[in-house]
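Single-structure report; data block below.
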Amino acid sequence: MACACGSSKISRADSLVLGAIQIMIGIFHVLMWYFLLVLYMGQVKGVFGTYEPITYKAGCALWGVMFIISGAVIIRSANHPTQCMAMTALIMNIFSILVTIVAVILVIVELSSFKSVSYRNYGQAKLGREVSRILLYSYPLEFIIALTYSICSCSHLSKKKRERPPPSPPPRTPVTEDRESNVSRA
């Protein structure tokens, strides 16, 4: 990438790649949420109840929609580079970072606590936990992509702001002209 501590902006090609990867990660998360939905809705009410982890109830995998939107905004910003689009892409990537952090915390909480489920639902619960582990491995990738784009974008925007010349003061009239106009009025 062409971004090294604010020395230059992220290239258009790199932005397109990062956006495409974010969209693919988002689609993967949405499909995994659909898989979990089908998996957990097929549970049979047993003696110990059904297995409904916190990530399923919160719809963590469905939060992949945020990654899809973020990737689409990056691609749009790369194709139509304006200050507004760059700021929108930066804000969306910051939201993606926050979503990723919350999702990782929820998945870790889910995987660290496992209540026993009825024998009939044990296979579904185990498969659902494996899906959560897979998602746990994909969250750092999304985090790194969003963080990389955010840092490069932020440094480029701040560099752009520093390079902007200060506004010029209004033209001043010479003192002699002011005195001459005052003398002619009198």
Side-chain angles (χ1 to χ4, degrees), residues 1-37 53-112 128 131-172:
M1 289 197 188
C3 176
C5 297
S7 63
S8 64
K9 71 176 201 157
I10 190 167
S11 72
R12 181 177 181 269
D14 289 339
S15 294
L16 292 173
V17 168
L18 290 177
I21 291 172
Q22 272 191 321
I23 290 172
M24 287 189 294
I25 291 171
I27 290 171
F28 174 72
H29 280 254
V30 170
L31 290 175
M32 288 295 105
W33 179 81
Y34 181 72
F35 176 70
L36 289 174
L37 176 72
I54 191 167
T55 54
Y56 173 69
K57 288 179 182 178
C60 279
L62 190 59
W63 296 350
V65 172
M66 175 67 79
F67 307 151
I68 295 170
I69 294 170
S70 189
V73 170
I74 288 175
I75 291 174
R76 174 101 174 145
S77 176
N79 289 332
H80 306 286
T82 63
Q83 182 87 10
C84 181
M85 284 305 298
M87 286 300 292
T88 304
L90 177 63
I91 290 169
M92 290 304 296
N93 275 286
I94 291 171
F95 283 145
S96 291
I97 290 170
L98 295 175
V99 163
T100 302
I101 291 170
V102 171
V104 165
I105 291 170
L106 289 175
V107 170
I108 290 172
V109 166
E110 173 192 329
L111 294 176
S112 65
V131 169
S132 293
R133 280 191 187 92
I134 291 169
L135 291 176
L136 185 62
Y137 289 122
S138 68
Y139 284 124
L141 178 62
E142 172 59 32
F143 180 82
I144 290 169
I145 290 171
L147 185 65
T148 300
Y149 185 83
S150 297
I151 290 171
C152 291
S153 178
C154 190
S155 66
H156 176 67
L157 288 172
S158 67
K159 183 180 176 186
K160 210 173 187 182
K161 195 173 192 177
R162 280 183 273 149
E163 290 176 355
R164 208 178 297 158
S168 59
R172 299 174 73 188

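No hydrogens, no waters, no symmetry mates; every other heavy atom, side chains included, goes into these values. This chain uses plain numbering: 1 for the first residue, then up along the sequence.
Applying the side chain to side chain contact (heavy atoms under 4.5 Å, CB included) test between F143 and each of V99, I101, V104 identifies I101 as the sole match. Remark: of the listed residues T100, I97, I74, L18, L18 is the sole one forming a side chain to side chain contact (heavy atoms under 4.5 Å, CB included) with I145. Looking at Y34, W63, Y139 one by one, the single match for side chain to side chain contact (heavy atoms under 4.5 Å, CB included) with H29 turns out to be Y139.
The CG atom of L111 sits 6.5 Å away from the CG atom of L136 when rounded to the nearest 0.5 Å. Here OH of Y149 is found 4.0 Å from OG of S77. Values are rounded to the nearest 0.5 Å. Taken from CG in L147 to CD in E142, the straight-line distance is 11.0 Å, to the nearest 0.5 Å. Atom OG in S132 sits 11.5 Å away from atom CD1 in I108 (nearest 0.5 Å). Atoms CG and CG, on L62 and L36 in that order, are 11.0 Å from each other to the nearest 0.5 Å. The distance from the CE atom of M92 to the CZ atom of R76 is 14.0 Å, given to the nearest 0.5 Å.
Here the closest non-hydrogen pair linking S150 and I94 is OG-N, 4.0 Å. Counting all heavy atoms, side chain and backbone alike, N93 lies closest to S70 at OD1-OG, 3.3 Å. Here the closest non-hydrogen pair linking R12 and N79 is NH2-OD1, 2.6 Å. Listed here is the closest heavy atom pair of G26 and F67: CA-CB, 3.9 Å. Among all heavy-atom pairs drawn from L106 and A58, the shortest one is CD1-CB, 4.2 Å. Across all non-hydrogen atoms, the minimal contact from L90 to S153 is CB-OG, 4.0 Å.
Residue F28 qualifies as enclosed at atom CZ: its count of foreign heavy atoms under 6.0 Å is above 12.
In this structure, the side chain of T88 engages the main chain of C84 through a donor-acceptor pair within 3.5 Å.
R133 pairs by the salt bridge (charged side-chain N to carboxylate O under 4.0 Å, His left out) definition with E130, not counting sequence neighbours.
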